[in-house]
Visitor: 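To start, I am sharing the structure in question, which I have written as structure tokens.
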Amino acid sequence: MTYDKRFDGRKIDELRPMSAKVGIIPRADGSAMFQIGKTVALCAVYGPRDLHPKFMQNPETGILRVNYNMMPFSGHGERVRPGGGRRSKEISMVMENALLPVLDLKEYPNAVVDIFVELPQTDAGTRCAAITAAAMALADAGLEMKDMVCAVAAGRVEDKIVVDLNYLEDSHEDGADVPVAVLPNSGKITLLQMDGEVTKEQMNEIIEKAKEACKKIYEVQKAALKEKFAKR
Amino acid sequence: MQRRNNGGKMTEEIITKDKEIAVPGEIIATGMSFLPGKGAYRESDKIVAQRLGMVSVEGKVIKLIPLSGRYLPKLKDRVIGRVIDVLMTGWRLEVNSPYSAVMTLKDATSEFIPRGADLTQYYRLGDYVVCQVVNVTSQKLVDVSMKGPGLRKLRGGRIVEVTPQKVPRIIGKDGSMVSMVKQATNCNIVVGQNGLIWIDGEPENEVIAVKSVKKIEEEAHLSGLTDRMAEWLQKETGVKVNPAATPPPAEEQTTTEHPHHFGGSQ
């Protein structure tokens with residue numbers, strides 16, 4: 001079988017339409033919204049702030065704590081059970097690992113930076129949208145960062161390598177989904193997961209295409225951040 | 001992105017211009033003749049932004065002026081704190097930062113405090129005080145003192161919170177902005193470096209003072225703000241204000257010299 005036309009008519013390496021906004025939550029120290037297709041991620045950053053419980057404090061450095069949450073009504077008809085689950089716990093952890101390399105929290109011993117990501121509407125690619133939104137929110141919070149972080153899922157549907165899979169493609173029986181987070185200026189990868197099977201050659205192509213796509217996401221992030229502080 | 005290739009030759013140029021906004025990771029300049037200042041770092045021959053901020057080029061040094069972020073206690077900063085705990089030998093203050101500050105008995109007042117005295121008769125939970133940071137350790141243990149001119153307990157009035165990075169703009173050059181607001185609204189105003197501002201006066205005037213502080217915060221990045229504020233205050237209060245007025249007596253002065261002013265002086 002060949003996958004000649006994508007389900008939503010996109011080109012093979014075309015991203016879904018994106019929009020981003022920074023500073024959406026006034027009470028947070030930093031916040032951002034990132035939308036890609038039908039997936040929406042809202043992110044709030046609090047801190048650095050006092051960390052409790054005290055046993056979690058690290059006197060050598062501040063820590064990063066990520067909370068990823070899909071809202072109950074956000075899925076495909078089926079209610080997502082509220083509260084943390086195995087899935088959200090894993091995604092929170094991989095997000096932390098994806099974002100921590102750009103941060104330097106040495107200046108904030110015993111403190112914590114909290115990231116909360118809520119997804120009111122999802123259509124696959126949530127962890128990538130969440131990372132993209134979180135990077136903007138961290139920058140908005142005024143934290144020192146070596147680089148931004150952009151993330152996108154690439155993958156295989158039947159015989160084709162596509163980027164930014166939607167739910168139909170993501171759940172396709174013959175395919176693979178590879179979320180990738182990239183530091184856009186250095187090209188380093190901070191998140192790489194895979195669900196499904198691909199060959200070595202396909203994997204290389206997936207990473208290349210994901211890196212290309214991340215450049216477009218980076219431009220959206222940059223524009224959103226500059227817009228907030230631009231002279232009116 | 002903005003990497004340019006001039007036939008393999010190293011180019012010396014500023015890519016993100018002075019006063020423009022740079023996002024983390026953005027290349028501000030190329031070439032070895034520039035030096036990274038605060039908020040920037042060098043990556044081979046490039047100067048890269050390390051935070052979201054406004055680019056400031058001073059000769060060869062490129063630094064970033066922060067536009068957002070929390071307050072970190074700095075030595076000699078005059079801050080406004082709220083008493084959150086009474087300790088055995090002092091008080092713990094919340095200073096709008098990730099770290100709370102401790103004020104010991106010795107630093108609290110010039111009065112004699114007898115051994116075993118009930119410390120709440122000096123400062124109670126929830127009291128606001130103006131104090132000065134006297135020590136910050138590497139582990140961010142903060143000591144503050146109330147010994148010094150103008151350092152006192154704040155009675156009455158109200159507290160307004162602003163972005164700490166906008167404080168220099170609210171104070172203005174040599175306190176010009178805040179003294180203008182004081183003059184127009186006839187309020188007592190104390191601006192803490194930590195972004196807390198205490199305003200006390202007639203209720204209507206307090207409201208105007210709060211509004212003007214918020215207005216300055218919103219427009220901090222625009223130039224010609226002092227003149228615009230003078231005009232606005234005159235319209236709101238009917239009091240004739242002179243933007244070039246001399247700062248009030250040193251007692252109410254809260255200006256701490258701060259290296260970066262937004263958009264320079266007008």
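Chain A is the first sequence line, chain B the second, and so forth, proteins listed ahead of strands; every chain is numbered from 1. Heavy atoms only: backbone and side chains are in, while hydrogens, waters and symmetry mates are out.
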Visitor: Does a donor on one side chain and an acceptor on the other come within less than 3.5 Å for B:Thr104 and B:Asp107?
Guide: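 Checked: B:Thr104/B:Asp107 side chains pair up, N/O donor to acceptor below 3.5 Å.
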Visitor: What parts of residues 206-217 of chain A touch chain B if we use heavy atoms and a cut-off under 4.5 Å?
Guide: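 If one takes a 4.5 Å heavy-atom cut-off, no residue of residues 206-217 of chain A lies near chain B.
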Visitor: Applying a heavy-atom distance below 4.5 Å, give me the residues of residues 134-156 of chain A that approach chain B, sorted by number.
Guide: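 Listed by number, the contacting residues are A:Ala139, A:Asp140, A:Ala141, A:Gly142, A:Leu143, A:Glu144, A:Met145, A:Lys146, A:Asp147, A:Met148.
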Visitor: Which one of A:Arg49, A:Gln221, A:Glu60 has the most heavy-atom pairs closer than 4.5 Å to chain B?
Guide: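 Heavy-atom pairs under 4.5 Å are most numerous for A:Arg49.
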Visitor: With heavy-atom distances below 4.5 Å as the criterion, would you say the side chains of A:Cys43 and A:Val117 are in contact?
Guide: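 Side chain of A:Cys43 against side chain of A:Val117, heavy atoms only: contact under 4.5 Å found.
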Visitor: Pull out the residues in residues 29-42 of chain A that come under 4.5 Å of chain B, heavy atom to heavy atom, sorted by number.
Guide: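 Those residues of residues 29-42 of chain A which have a heavy atom under 4.5 Å from chain B are A:Asp29.
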Visitor: How close do B:Tyr123 and B:Val86 get, heavy atom to heavy atom, and via which atoms?
Guide: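 Of all heavy-atom pairs spanning B:Tyr123 and B:Val86, the closest is O-CG2, 4.3 Å.
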Visitor: Please walk me through it: do B:Lys74 and B:Val136 pass side-chain contact (heavy atoms from CB on, under 4.5 Å)?
Guide: CA-CA 7 Å; B:Lys74 208 163 84 269; B:Val136 184; over 6 Å; no
Visitor: Quick one: list whatever passes salt bridge (Lys or Arg N to Asp or Glu O under 4.0 Å) with B:Lys214, sequence neighbours left out.
Guide: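 For B:Lys214 the salt bridge (Lys or Arg N to Asp or Glu O under 4.0 Å) partners, ignoring immediate neighbours, are B:Glu217.
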Visitor: Quick one: what part of B:Thr163 sits under 4.5 Å from any heavy atom of chain A, side chain, backbone, both or neither?
Guide: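 Interface part for B:Thr163: neither.
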Visitor: Taking the side chain as every heavy atom from C-beta outward, state whether A:Gln193 and A:Val178 have any pair of such atoms under 4.5 Å apart.
Guide: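 The answer is no; the side chains never approach within 4.5 Å.
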Visitor: Under a 4.0 Å N-O cut-off, is there an ion pair linking A:Arg16 with A:Asp123?
Guide: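 Here A:Arg16 pairs with A:Asp123 in a salt bridge, since their nearest N and O are under 4.0 Å apart.
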Visitor: Measure the shortest side-chain to side-chain distance between A:Val182 and A:Tyr218 over non-hydrogen atoms and say whether it is less than 4.5 angstrom.
Guide: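 Answer no - side chains too far apart.
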Visitor: Please determine if A:Arg10 and A:Glu169 form a salt bridge, counting it only when a charged side-chain N lies under 4.0 Å from a carboxylate O.
Guide: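 Here A:Arg10 pairs with A:Glu169 in a salt bridge, since their nearest N and O are under 4.0 Å apart.
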Visitor: Are A:Glu107 and B:Lys140 close enough for a salt bridge, meaning some N to O gap below 4.0 Å?
Guide: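 Looking at B:Lys140 together with A:Glu107, the answer is yes, because their closest N to O distance falls below 4.0 Å.
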Visitor: Counting C-beta onward and ignoring hydrogens, is there a side-chain heavy-atom pair between B:Val55 and B:Ile14 closer than 4.5 Å?
Guide: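 B:Val55 vs B:Ile14: side chains apart.
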Visitor: Start with the C-alpha distance between B:Lys215 and B:Glu236, add both sets of side-chain angles, then the distance that settles salt bridge (charged side-chain N to carboxylate O under 4.0 Å, His left out), and finish with yes or no.
Guide: CA-CA 13 Å; B:Lys215 197 171 154 68; B:Glu236 290 286 314; over 6 Å; no
Visitor: I want to check something: taking the side chain as every heavy atom from C-beta on, are A:Tyr108 and A:Val113 in contact at a cut-off of under 4.5 Å?
Guide: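 Not touching, per the 4.5 Å side-chain cut-off.
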Visitor: For A:Tyr68 and A:Arg87, which I'm curious about, is there any donor-acceptor pair between the side chains at under 3.5 Å?
Guide: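 Note: A:Tyr68 and A:Arg87 side chains meet the donor-acceptor criterion.
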